Structure formats: structure tokens, C-alpha cells
*Asks:* 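Starting off with a structure, shown below.
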Number of protein chains: 2
Amino acid sequence: MHQDFSTVEAFSRLLQDLPEEDEGARAEAHARNGQLTKPPGALGRLEDLAIWYCAWRGDPRPVISAPQVIVFAGNHGVTAQGVSAFPAEVTAQMVRNFEAGGAAINQLAREFGARMDVHALALDRPTADMTEGPAMSEAELLEALKTGWEAVDVTSDLLVVGEMGIGNTTAAAAIALALFGGETEDWTGQGTGVTGGALQHKAEVVARAVEVNAARGIDGIEVLRRLGGRELAAMAGAMVRARMERIPVILDGVICTAAAACLEVTRKGALDHVVAGHESAEASHGKLLENLGKPPLLSLGMRLGEGSGAALAIGVMKGAVACHSGMATFAEAGVSDA
Amino acid sequence: MHQDFSTVEAFSRLLQDLPEEDEGARAEAHARNGQLTKPPGALGRLEDLAIWYCAWRGDPRPVISAPQVIVFAGNHGVTAQGVSAFPAEVTAQMVRNFEAGGAAINQLAREFGARMDVHALALDRPTADMTEGPAMSEAELLEALKTGWEAVDVTSDLLVVGEMGIGNTTAAAAIALALFGGETEDWTGQGTGVTGGALQHKAEVVARAVEVNAARGIDGIEVLRRLGGRELAAMAGAMVRARMERIPVILDGVICTAAAACLEVTRKGALDHVVAGHESAEASHGKLLENLGKPPLLSLGMRLGEGSGAALAIGVMKGAVACHSGMATFAEAGVSDA
């Protein structure tokens with residue numbers, strides 16, 4: 001249906017020509033919202049969410065019946081620097097847990113009626129240690145972007161992209177520092193449980209990675225290559241594919257958001273089809289979301305990744321759209337307007 | 001099973017002898033939580049919610065399979081003072097809308113798999129105008145408490161109580177002022193859409209009601225009688241019944257919370273089986289929740305009532321419990337611990 005890409009440059013060109021929301025569907029949805037049996041604005045953000053969803057789906061009265069959750073997993077050479085509380089083999093162990101249905105994301109996907117797919121990206125070949133140079137070659141980046149692109153079920157109607165990758169909060173912190181500047185400490189969080197001196201060391205690793213890669217103020221996709229990882233690139237690829245197919249996306253935590261930010265910095269508006277599912281407890285996530293102008297739907301102190309916060313927000317999206325599409329109008333119900 | 005009540009005094013006595021959570025189930029749930037395949041604390045508030053739910057259900061690994069949403073409707077004599085943007089007949093019209101399945105709460109109950117019941121309480125007999133004396137007689141209060149008590153399906157495993165009643169944000173504001181003191185303006189919000197001079201008038205009505213009824217610093221159940229309404233009393237009755245049956249309850253907005261507050265003021269700990277589903281856009285709700293020590297799960301600018309904010313939070317509760325009860329342990333999944 002839509003054009004594919006065979007080089008990273010071609011992927012970047014796609015970003016310059018993205019489909020936009022359907023203004024007609026937005027107008028119709030807005031008009032319908034004003035007639036529903038409730039005081040104006042009484043459903044708060046649910047109203048905006050529903051109208052936004054309608055606009056992207058090109059349907060003034062849609063249902064959400066086929067959400068997809070995709071979890072991408074990757075390994076990171078930077079774990080050699082001792083930045084995580086868990087050993088790197090946990091990435092592969094958790095992939096098996098996803099496949100067996102035992103992780104948090106499995107329970108949440110099931111609870112909210114989402115199809116769940118897991119893609120392990122070359123776990124036996126960690127990215128290069130980004131404190132010594134770029135994490136990925138252009139070929140590796142391309143392969144990961146394509147994995148994400150192809151993982152999207154184009155018949156789905158809502159997408160959550162999640163991740164697993166020991167060391168990837170370090171990658172996310174480096175990306176945020178490269179894209180948005182500021183202090184390293186502002187962007188470096190505890191990840192799976194790094195505190196005190198280990199957290200200070202992690203911040204030094206983040207700063208070194210950005211410096212070694214001369215990554216401040218450069219193109220967002222190039223930041224993704226130098227400081228990202230395969231699962232981050234796959235998430236970015238999936239988000240762009242969703243845009244092409246007009247599938248709204250829910251952002252998860254700091255890693256997912258860092259991957260998304262690479263797109264937005266490259267092309268303003270690239271995340272117009274994306275909503276922030278939650279604000280995680282990871283220190284920098286709120287600041288990242290602010291930089292993207294994305295207020296979170298939930299704020300429950302989660303910091304697990306896997307797409308878990310976003311999957312929980314599927315419920316909010318479903319509720320919003322169910323109200324919008326299922327409620328009676330004042331005229332239908334014979335209720336007096338204000 | 002549990003003792004019933006035939007007078008308001010007997011209802012108040014029940015409050016002094018409430019069942020408490022199951023400490024054994026809490027301890028088992030806490031232990032299980034520590035073994036699940038996630039970094040410690042990474043599911044944030046979901047972990048606390050799940051353990052709390054286990055403790056009340058007396059089951060360290062429960063499922064939520066039978067939530068109930070009950071909407072109570074009542075009419076208020078204080079509407080004669082011109083405190084609402086909608087006419088009083090909207091209460092009955094909305095009850096028909098609930099029964100026909102056209103309201104927001106119908107869509108949310110269906111989306112989250114909840115049984116929904118509607119109880120219209122003597123809509124043709126509004127409560128007395130509380131600016132002239134008590135809103136209800138003791139017999140009227142008792143009848144409403146019993147309606148709520150009996151409306152609870154004792155086989156349900158999670159309860160949302162919602163309301164509809166033109167004029168009832170005025171009642172809620174008066175209750176909050178009587179229970180917690182402070183400035184009338186702090187407790188008086190826009191309800192269905194009252195602003196400017198009309199809002200100032202509403203605040204004056206609230207202050208007059210509290211003064212005429214000499215309602216500051218008196219017993220919470222008596223505040224409910226003098227300043228409440230049938231739907232508020234029914235919500236209170238349902239919440240106490242849920243406590244007797246160890247059914248956790250999710251609070252909705254300002255009206256539901258004001259009814260609940262009458263219980264907590266009467267007997268500290270009466271709301272230990274209750275969680276705040278959301279913080280509404282109604283000005284005083286956040287302050288009410290603070291007074292009750294109940295941080296909200298959601299904050300989406302909703303201000304519809306009907307139980308809508310609480311119903312949306314059923315999704316959060318289901319997600320929390322699904323993770324707790326469905327996830328694999330580190331040992332089961334063969335994942336290395338930190």
C-alpha cells in the first residue's frame with residue numbers, strides 16, 4: 001500500500017511526507033461530541049482523545065476492537081560499563097517469559113484484548129559499546145527499523161510498542177541528552193534499580209557516549225543509530241509504519257519515548273498520531289514528555305517498560321472511544337439540553 | 001449473612017464494628033509480589049493496589065471477574081434556589097437514558113465487563129430545600145440507606161457507586177463544608193456548568209444550607225441527612241454493605257466522595273476498603289480526596305458523575321490484579337534475579 005524503504009536515507013525521506021489526520025472525520029466527531037448526553041466537556045480528556053482517534057482513523061464513530069502490542073528486545077554493548085542492576089542474559093530470559101505468557105505485559109495485553117507479538121532482535125549480537133563509538137552501523141539500524149516496520153499488523157486499530165533490553169535506559173538517557181541538551185543527571189534514572197554511586201557512574205557513561213559520538217544537535221535518526229539500540233530503532237520503525245496506516249500509537253515509558261523523540265526531532269509533527277500512555281517513575285520521563293508536548297494519560301509510578309504503561313492506557317482509550325461512539329445524543333434520548 | 005439495620009442509629013452502630021482486611025492474605029500477596037518477574041516496585045501503584053485488593057478479598061491470588069456499577073438517582077429541593085445549569089427533570093430523563101443504555105456510564109460498564117444497575121429514588125419527591133431545613137427526615141434517610149445496602153450484589157468482586165441528581169454538587173459542597181470547614185468558595189464548583197455570578201450564588205446557597213442546618217462539627221451521618229440527598233445516602237449504604245461483604249469499592253467524583261466522607265468522619269477507617277478512582281475537574285474534589293488521604297488513580301479532567309471516572313478505573317484495578325495473579329515468578333520463568 002505505502003512505499004517501503006531500502007536505505008536509512010529513504011526511511012528519513014518517508015518522514016518528510018507523512019499522512020495527516022482526516023479533517024472531515026475530526027469535524028464530524030467534534031459535532032457528534034457536542035450532541036452527546038452529558039454537559040459540555042464533562043468527559044474531560046476522554047473527549048479530546050476520542051476526537052483525535054476519530055481523526056486518525058478517518059471515522060467519526062469508530063470502535064477499538066483490534067489493538068496490537070509489540071515487544072521488541074535487544075542487547076546493548078554498553079552493559080560492559082556496568083550500568084544495570086540485572087545481567088544482560090535477562091533480556092533473553094525475559095523474551096522466553098514473554099513467549100510463555102508470564103510477564104506483566106502478557107497479562108495487560110490479555111486484559112485489554114490486545115494481540116501481542118514479540119520480536120527478539122539479534123540478542124546474540126549486542127550493539128557496540130556506545131562509549132567507544134556508534135552503537136549500530138547503518139546496516140544494523142536499517143535492519144532494526146525494518147523489523148519494526150514489518151511487525152505492525154496493518155489490520156490493527158491501536159498500537160503499543162514496548163521493549164526489553166538490559167542497559168536500554170542508559171541508551172534512552174544518552175538519546176535524550178543528545179536531542180534536548182541540559183544536564184546529564186537530569187536524563188539519567190535508576191532503570192531497573194541503580195542508585196547512589198552506581199547511578200553517578202551511569203550518568204558518566206551517558207555523558208561519555210554522547211561526547212564520543214558527537215551526538216548533540218545532529219539529525220534524530222543519526223542519534224538513534226549512534227546511541228540507540230535495535231529495540232529502540234524497531235519501535236521507531238513501527239511508529240512510522242503505524243502513521244502510514246493511520247493507526248494511533250500509545251507511548252510507553254522513557255525508552256519508547258526516547259525512540260519516538262528521534263522521529264519528532266527529525267520531523268516536527270511525526271508524533272501527531274501518538275499519545276503518551278503514562279508518565280513513568282523513571283526520573284527523566286516527565287521531562288521528555290514535556291519536550292514532546294505530550295501530557296500523559298496515567299501517572300501510577302510504573303517503571304517496568306515492556307509496553308506495560310501504554311497497555312494499561314489501552315483501557316483509557318477504549319473507554320474514551322466507547323463513550324464517543326456508543327452514547328445517545330440529547331435528541332435520541334429525549335434529554336433536555338442546558 | 002451480616003446483620004441488617006432497621007434504624008439510622010443501628011446503621012451508625014454497624015460503622016463501629018466493621019470487618020477489617022485479611023492480614024494473612026496481605027502477607028501472602030506481598031510475598032508473591034516480591035517474586036514476580038519484574039524489578040522490585042517496577043509496577044508502581046499497581047503493586048499496592050493488587051496487594052490491597054488481595055487483602056480485602058482474603059485471597060492472595062484473586063481475579064476480578066464480576067464488577068458491579070450501581071447508579072443511584074435522586075432529586076433535590078435546593079434546585080428551587082437556581083443552582084444548576086440543567087432543569088430538574090433531567091434527572092428522570094437521564095435515568096431513562098441509563099435504562100436504555102445510552103449514557104457514558106453504560107458504555108464504560110460494558111467496556112470493563114461490569115454489571116450495571118440503576119436505582120431511581122423517589123424522583124417525584126425531591127428532598128426538602130436544605131436552605132430551609134434538613135434535606136431528609138430520618139425515615140427518608142433510612143429508606144435511602146437501605147436502598148443502597150440492598151442494591152449491592154454480594155457475589156460481585158468490585159463495586160462502583162455513581163449518581164445522577166440535578167443539584168447534587170450543591171449538596172456535596174455543603175457536606176464538605178460541614179465536615180471539613182474552611183471557605184465556602186473552596187468547596188463550591190461549577191457542577192454541570194455554573195460559572196460567574198451564578199457560581200457565586202451557588203456558594204451563597206451552600207453557606208446558607210450549612211448555617212440553617214447548624215451542620216458544622218456534627219456527626220457525619222447526621223450531615224448526610226441534613227445536607228445530602230437520597231442518592232448520596234444510597235451510595236453510603238452501598239459502600240458500607242460492600243465493606244461487610246469485603247468487596248473493594250472505587251470512588252467516583254465529588255458527590256460520591258462527599259457521601260463517602262460522611263462515613264469516614266463518623267468512623268475513621270470506614271473507607272479502608274475504598275480507593276479513589278479519579279480526581280475530577282470539579283474544583284473541590286482534590287481537596288476532598290486529600291482530606292480522606294485517598295490519592296486518585298486517574299486525573300483526566302472528567303466531571304460527569306454517573307460513576308464514570310470510577311468505572312474507567314476498573315480497568316486500572318483489573319490490570320493491577322491481572323499482573324499480580326497472572327505473572328510468572330523468577331523461579332517459574334527461569335529469569336535471573338537482580
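Reminder, nothing fancy here: chain letters follow the sequence lines and each chain counts from 1. Predicted model, so just to flag it, every value in this text is computed and none were measured.
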*Asks:* Which region of A:Ile314, side chain (C-beta onward) or backbone (N, CA, C, O), has a non-hydrogen atom less than 4.5 Å from a non-hydrogen atom of chain B, or is it both or neither?
*Replies:* neither
*Asks:* Looking only at side-chain N and O atoms, does B:Ser336 offer a donor or acceptor that is under 3.5 Å from a partner on A:Glu89?
*Replies:*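 Judged by distance alone, the side chains do not pair up.
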*Asks:* Measuring heavy-atom distances to chain A, does B:Leu36 have an atom under 4.5 Å in its side chain, in its backbone, in both, or in neither?
*Replies:* neither
*Asks:* Check whether any side-chain N or O of A:Asn97 sits under 3.5 Å from a backbone N or O of B:Ala333 as a donor-acceptor pair, and report yes or no.
*Replies:*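 Here the side-chain-to-backbone pair does not exist.
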*Asks:* Side chains of B:Ser84 and B:Lys202 only: does a donor on one sit below 3.5 Å from an acceptor on the other?
*Replies:*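 Side chains of B:Ser84 and B:Lys202: no pair found under 3.5 Å.
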*Asks:* Chain A: which of B:Ser280, B:Gly301, B:Ala42 shares the most heavy-atom pairs with it under 4.5 Å?
*Replies:* B:Ala42
*Asks:* Is chain A contacted by the side chain of B:Ala281, its backbone, both, or neither, given a heavy-atom distance below 4.5 Å?
*Replies:*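 Looking at B:Ala281, nothing touches chain A.
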*Asks:* Does a sphere of radius 6.0 Å around NE2 in B:His201 hold more than 12 heavy atoms from other residues, nucleotides or ligands, not counting ones at 6.0 Å or beyond?
*Replies:* yes
*Asks:* Is it the case that the side chains of A:Arg110 and A:Gln107 hold a donor-acceptor pair, with the cut-off being a distance below 3.5 Å and no angle test?
*Replies:*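 Distance-only check passes for A:Gln107 and A:Arg110.
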*Asks:* Going by distance alone, is a donor N or O of one side chain under 3.5 Å from an acceptor N or O of the other, for A:Glu231 and A:His76?
*Replies:*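 Note: A:Glu231 and A:His76 side chains meet the donor-acceptor criterion.
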*Asks:* Would you mind telling me which of A:Ser308, A:Gly41, A:Gly193 has the largest number of heavy-atom pairs within less than 4.5 Å of chain B?
*Replies:* A:Gly41
*Asks:* Which residue out of A:Thr329, A:Leu312, A:Asp48 racks up the most heavy-atom pairs below 4.5 Å with chain B?
*Replies:*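 Max contact count across the listed options: A:Leu312.
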*Asks:* Please determine, among B:Lys38, B:Met302, B:Arg303, the option with the most heavy-atom pairs under 4.5 Å with chain A.
*Replies:*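 It is B:Arg303.
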*Asks:* Shorter than 4.5 Å, heavy atoms on both sides: which option in B:Arg45, B:Lys318, B:Gln93 has the most such pairs with chain A?
*Replies:* B:Gln93
*Asks:* Under a 4.5 Å heavy-atom cut-off, does chain A meet the side chain of B:Val316, its backbone, both or neither?
*Replies:*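 It is both, since atoms from each part get that close.
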*Asks:* Which pair of non-hydrogen atoms, one from A:Val63 and one from A:Tyr53, has the smallest distance, and what is that distance?
*Replies:*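 In this case the closest contact between A:Val63 and A:Tyr53 is O-OH, 4.0 Å.
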*Asks:* Taking all atoms of both residues into account, what is the closest heavy-atom pair of B:Ala109 and B:Val69, and its distance?
*Replies:* CB-CG2, 4.2 Å
*Asks:* Check each atom of B:Leu43 against the heavy atoms of chain A and say whether the ones under 4.5 Å are side chain, backbone, both or neither.
*Replies:* both
*Asks:* Heavy-atom pairs under 4.5 Å with chain A are the metric here; pick the option from B:Ser299, B:Ala100, B:Ser325, B:Gly102 that has the most.
*Replies:* B:Gly102
*Asks:* Under 4.5 Å from any heavy atom of chain B, what part of A:Val335 do you find: side chain, backbone, both or neither?
*Replies:*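 Interface part for A:Val335: both.
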*Asks:* Indicate the atoms forming the closest heavy-atom contact of B:Leu289 with B:Pro296, along with that distance.
*Replies:*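 Taking B:Leu289 first and B:Pro296 second, the nearest heavy atoms are CD1-CB, 4.1 Å.
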*Asks:* Go through the atoms of B:Leu300 and report whether side chain, backbone, both or neither lie under 4.5 Å from a heavy atom of chain A.
*Replies:* both
